[in-house]
Amino acid sequence: MAWFILLIAGLFEIGWAVGLKYTEGFSRLVPSVLTAGAMIISLALLGFALKTLPVGTGYAVWTGVGAVGTAILGIVLFGESMAPMRLASIGLIVAGIISLKFATPD
């Protein structure tokens, strides 16, 4: 269950990271409130997952899910680069997340 919670926390991290773009420096009320809400939920879920998971693994997976998701949404939503090296680097992060899952007892 902790891994599932950690995944959801990572999804909320993606939400607030992308949300930051829409806040325009926290000058827009609705995107700012939604972004702040996603931050709070993401951190709360991370904290809950860390009751069971090792802190190093949990934090690395949380940031990895956030980084990969944010990079993918940057490509899709904002037309960011799809350079082969960038995509390969994203793939390496995914490989690291998967490796941590298999290397960490439940």
Side-chain angles (χ1 to χ4, degrees):
M1 187 66 163
W3 283 100
F4 178 72
I5 292 168
L6 186 60
L7 175 64
I8 300 302
L11 295 177
F12 275 98
E13 184 188 5
I14 296 166
W16 70 257
V18 172
L20 285 172
K21 181 80 167 172
Y22 292 103
T23 68
E24 295 181 13
F26 291 102
S27 65
R28 297 179 60 211
L29 180 62
V30 173
S32 297
V33 169
L34 292 173
T35 298
M39 287 176 176
I40 292 167
I41 293 168
S42 180
L43 285 170
L45 290 173
L46 173 62
F48 190 74
L50 292 180
K51 285 183 174 182
T52 305
L53 298 173
V55 68
T57 299
Y59 185 74
V61 170
W62 179 69
T63 57
V65 168
V68 168
T70 303
I72 291 170
L73 285 179
I75 292 168
V76 172
L77 297 174
F78 307 119
E80 294 177 0
S81 170
M82 288 181 51
M85 183 61 85
R86 185 169 195 232
L87 296 177
S89 298
I90 292 168
L92 288 171
I93 296 170
V94 171
I97 292 168
I98 293 168
S99 295
L100 283 170
K101 167 61 176 130
F102 288 116
T104 304
D106 290 329

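The shown structure was predicted, so the numbers you read here are calculated from the model rather than taken from an experiment.
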(message) Just so I know, are the side chains of L7 and W3 near enough to count as touching, which here means a heavy-atom distance under 4.5 Å?
(response) no
(request) Can you measure from CD1 (I41) to CZ (F12) and round to the nearest 0.5 angstrom? (result) 4.5 Å
(message) Counting C-beta onward and ignoring hydrogens, is there a side-chain heavy-atom pair between L20 and F26 closer than 4.5 Å?
(response) yes
(request) Report the distance from atom CG of L6 to atom CG of L45, rounding to the nearest 0.5 Å. (result) 9.0 Å
(request) Step by step, work out the side-chain contact (heavy atoms from CB on, under 4.5 Å) result for E13 and M39. (result) CA-CA 7 Å; E13 184 188 5; M39 287 176 176; over 6 Å; no
(request) Kindly indicate, with the supporting measurements, whether the criterion side-chain contact (heavy atoms from CB on, under 4.5 Å) is fulfilled by W62 and L43. (result) CA-CA 10 Å; W62 179 69; L43 285 170; 3.9 Å; yes
(message) Just so I know, are the side chains of Y22 and L77 near enough to count as touching, which here means a heavy-atom distance under 4.5 Å?
(response) yes
(request) Determine yes or no for a side-chain-to-main-chain donor-acceptor pair under 3.5 angstrom, with T63 supplying the side chain and A60 the backbone. (result) yes
(request) Any chance you could measure T52, atom OG1, to I5, atom CD1, to the nearest 0.5 Å? (result) 7.5 Å
(request) Please check if the side chain of S42 supplies one atom and the backbone of A9 the other of a donor-acceptor pair under 3.5 Å. (result) yes
(request) Give a yes or no on whether the backbone of A67 and the side-chain of T70 come within a donor-acceptor separation of less than 3.5 Å. (result) no
(request) Test side-chain contact (heavy atoms from CB on, under 4.5 Å) on I97 and V65 and set out the steps. (result) CA-CA 8 Å; I97 292 168; V65 168; 4.1 Å; yes
(message) How long is the straight-line distance from CD1 of I75 back to CD1 of I90, given to the nearest 0.5 Å?
(response) 4.5 Å
(message) If I compare all heavy atoms of A38 with all of G15, which pair ends up nearest, and what's the gap?
(response) CB-C, 4.4 Å
(request) Taking the side chain as every heavy atom from C-beta outward, state whether V18 and F78 have any atom pair closer than 4.5 Å. (result) yes
(message) Measuring from atom CG of L53 to atom CG of L100, what distance do you get when rounded to the nearest 0.5 angstrom?
(response) 10.5 Å
(message) If hydrophobic clusters are built from ILVMFWY residues whose side chains come within less than 4.5 Å, do W16 and V30 share one?
(response) no
(request) Flag yes if M82 and M85 sit in one hydrophobic cluster, no otherwise; membership is Ile, Leu, Val, Met, Phe, Trp, Tyr, and two members link when side-chain heavy atoms are under 4.5 Å apart. (result) no
(message) Between V68 and F102, is there shared hydrophobic-cluster membership here, with clusters defined by ILVMFWY side-chain heavy atoms closer than 4.5 Å?
(response) yes
(request) For Y59 and L50, work out which heavy atoms get closest and say how close. (result) N-CD2, 4.4 Å
(message) According to a hydrophobic-cluster definition based on side-chain heavy atoms being under 4.5 Å apart (Ile, Leu, Val, Met, Phe, Trp, Tyr only), do I14 and I40 belong together?
(response) no
(request) Return the minimal non-hydrogen interatomic distance between L46 and G58, and the atom names on each side. (result) CD1-O, 4.0 Å
